[in-house]
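One structure is given below, encoded as structure tokens.
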Amino acid sequence: MKVENFVNILGADFYTGVPDSQLKALCNYLMDTYGIDPKHHVIAANEGNCTALAAGYHLATGKVPVVYMQNSGEGNIINPVASLLNDKVYAIPVIFVVGWRGEPGIHDEPQHIYQGEVTLKLLEDMGIEAFVVDKNTSEEELSAKMEEYKKILSSGKDVAFVIRKGALEDAPKVDYSNDNEMLREEIIRHIVKVSGEDPIVSTTGKASRELFEIREANSQSHKYDFLTVGSMGHSSSIALGIAINKPDSKIWCIDGDGAVLMHMGAMAVIGSNHPDNMVHVVINNGAHETVGGMPTVAGEADLVSMAKACGYPVAVSVKTYDDLDKELQDAKERKSLSFIEVKCSIGARDDLGRPTTTALENKNAFMDYLKTL
């Protein structure tokens with residue numbers, strides 16, 4: 001189905017969400033049509049944030065908003081759906097558009113498998129009626145379902161369209177870029193060189209994939225790294241838990257700007273505990289690159305000031321490899337919590353692979369290594 005027709009059938013004029021590769025056609029359409037426009041389209045920090053923003057839109061306008069997300073974001077909407085939107089509370093109608101990763105019977109990455117299995121069940125448990133859209137769904141079918149949904153929405157209940165891979169098409173091509181020069185994979189290569197045999201916790205997406213391939217290219221063991229292949233926004237908290245319990249080892253976290261924004265409260269907890277053996281590196285390209293390149297607000301945010309306000313004793317930002325190397329080396333030698341923002345370009349190798357070890361193998365090797373420290 002053409003994505004423009006999908007949008008027209010929904011009939012909403014406000015969209016907010018967290019980008020998803022399964023919904024790339026929709027995301028590109030919204031960016032091409034509205035860009036980032038607070039009246040019509042907002043990319044939020046996490047899916048709960050989107051849901052609350054949508055509720056505010058409804059309260060102010062009386063209209064029905066659309067919240068889009070990958071199915072991994074369902075966990076983030078459970079609280080606002082149950083305690084804010086639900087018809088037993090404020091009865092706020094929202095249309096959810098959910099990209100279905102890990103659909104049963106379709107090969108996908110390990111972090112999507114269980115989430116894919118429970119996608120429809122979670123929506124059902126939240127009292128959200130769901131309709132699955134695939135390549136064969138006709139405009140007539142979708143229009144008929146939307147007419148049914150209008151009655152449900154008018155009663156203050158929520159509905160969802162669950163989007164299978166390839167269901168939406170004919171999106172405009174949108175170029176996502178910035179003026180930064182450093183490449184993320186090369187940045188990670190520099191981190192690996194300086195960190196040596198120190199443990200690294202890497203964030204979800206291409207960063208972990210690039211870290212894995214760098215180890216392969218260097219003929220190094222993967223035991224040094226915990227690849228947070230899912231759980232976006234939580235790698236820094238994982239690193240904090242390790243740093244607190246391995247105080248004699250330097251612990252590195254390779255994070256992304258979208259991940260930091262998703263659960264920014266983690267920075268306040270890290271700063272409050274201020275482990276002097278942790279280095280928090282945020283590679284900031286101002287984009288949700290792994291799922292298509294749509295922008296984050298981190299391109300305009302002052303992450304260094306945020307880190308300092310959260311209690312990080314040292315926080316810096318770098319734009320060149322020379323400055324990066326200096327700050328990495330200083331952080332390694334420093335006995336203090338360190339925050340390094342690295343300004344990064346958007347883009348990755350077309351032939352970038354995925355980890356060839358299982359998540360469980362990665363965990364076990366990493367834990368065995370930590371026992372030796």
Side-chain angles (χ1 to χ4, degrees), residues 182-231 234-256 259-260 266 270 273-283 312-316 318 321-342 344 349 352-373:
M182 286 194 284
L183 304 174
R184 183 183 51 251
E185 187 167 5
E186 187 62 25
I187 292 166
I188 295 173
R189 202 182 315 278
H190 283 239
I191 296 171
V192 166
K193 182 178 180 180
V194 174
S195 63
E197 296 186 341
D198 298 337
I200 295 177
V201 178
S202 58
T203 189
T204 187
K206 291 181 180 178
S208 281
R209 292 164 60 184
E210 289 166 340
L211 175 58
F212 187 92
E213 294 212 344
I214 288 168
R215 295 293 191 193
E216 288 282 291
N218 292 347
S219 298
Q220 291 177 302
S221 173
H222 298 290
K223 68 182 181 181
Y224 306 114
D225 311 320
F226 183 80
L227 309 177
T228 315
V229 293
S231 299
H234 293 303
S235 58
S236 61
S237 295
I238 296 170
L240 173 63
I242 297 169
I244 290 171
N245 289 283
K246 290 292 178 180
D248 296 326
S249 300
K250 184 71 73 172
I251 308 300
W252 299 73
C253 176
I254 298 176
D255 218 342
V260 164
I270 294 168
N273 284 275
H274 51 82
D276 60 13
N277 60 328
M278 180 173 165
V279 183
H280 190 182
V281 182
V282 178
I283 301 176
Y312 286 69
V314 178
V316 297
V318 299
Y321 291 115
D322 287 343
D323 288 344
L324 172 63
D325 289 339
K326 176 185 181 301
E327 295 299 338
L328 291 174
Q329 191 61 46
D330 286 351
K332 184 176 177 68
E333 297 172 1
R334 181 185 298 123
K335 290 186 176 181
S336 180
L337 170 65
S338 301
F339 180 93
I340 304 173
E341 177 195 35
V342 188
C344 176
R349 288 186 288 115
L352 179 62
R354 296 182 182 275
T356 55
T357 57
T358 67
L360 191 57
E361 288 171 339
N362 172 225
K363 183 202 79 168
N364 290 338
F366 185 73
M367 288 184 70
D368 286 343
Y369 180 61
L370 290 183
K371 290 175 184 177
T372 68
L373 301 179

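Atom set for the values below is all heavy atoms of this structure, side chains included, hydrogens, waters and symmetry mates excluded.
- Val194 and Lys332 get closest at one heavy-atom pair: O-CD, 3.1 Å.
- In terms of the side-chain hydrogen bond (donor to acceptor under 3.5 Å, both in side chains) criterion, Thr204 has no residue partners (sequence neighbours excluded).
- Judged by distance alone, the side chains of Tyr321 and His190 never bring a donor and an acceptor atom under 3.5 Å apart.
- Looking at Glu185 and Lys206, their side chains never come closer than 4.5 Å, going by heavy atoms from C-beta outward.
- The CG atom of Asn218 sits 10.5 Å away from the NZ atom of Lys193 when rounded to the nearest 0.5 Å.
- The side-chain hydrogen bond (donor to acceptor under 3.5 Å, both in side chains) analysis of residues 244-253, with sequence neighbours excluded, yields the pairs Asp198-Trp252.
- In this structure, His280 and Phe339 have perpendicular ring planes: the angle between them is above 60°, well past the 30° mark.
- Within the 4.5 Å cutoff, side-chain heavy atoms of Glu186 are placed close to those of Arg189.
- The backbone N or O of Gly353 sits less than 3.5 Å from a side-chain atom of Glu213, completing a donor-acceptor pair.
- In this view, His274 and Leu337 satisfy the side chain to side chain contact (heavy atoms under 4.5 Å, CB included) rule, not counting sequence neighbours.
- Between the NE2 atom in His222 and the OG1 atom in Thr356 there is a gap of 5.5 Å [rounded to 0.5 Å].
- Counting only heavy atoms from C-beta outward, the side chains of Thr228 and Thr203 never approach each other to under 4.5 Å.
- To the nearest 0.5 angstrom, Leu328 atom CG is 9.5 Å from Ile187 atom CD1.
- Judged as a side chain to side chain contact (heavy atoms under 4.5 Å, CB included), and not counting sequence neighbours, the contacts of Asp330 are Lys326, Glu327, Arg334.
- Put simply, the side chain of Ile283 reaches to within 4.5 Å of the side chain of Ile188, judged on heavy atoms.
- Taking CG of Leu227 as the reference point, atom OG of Ser235 lies at 11.0 Å (rounded to 0.5 Å).
- Remark: Arg215 engages Gln220, Asp225 in a side-chain hydrogen bond (donor to acceptor under 3.5 Å, both in side chains) (not counting sequence neighbours).
- Within the model, atoms CD1 of Ile251 and CD1 of Ile244 stand 11.0 Å from one another, a figure rounded to the nearest 0.5 Å.
- Side-chain atoms of Thr357 and Phe212, non-hydrogen and from C-beta on, do get closer than 4.5 Å to each other.
- Residue Met278 holds its CE atom at 5.5 Å from OG of Ser236, rounded to the nearest 0.5 Å.
- Taking all atoms of both residues into account, the shortest heavy-atom contact from Ile200 to Ser195 is CD1-OG, 3.5 Å.
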Distance-only donor-acceptor pairs under 3.5 Å for side chains of residues 364-373, two or more places apart:
unit_1	atom_1	unit_2	atom_2	d
Asn364	ND2	Leu360	O	3.4
Tyr369	OH	Glu197	O	2.5
Thr372	OG1	Tyr369	O	2.6

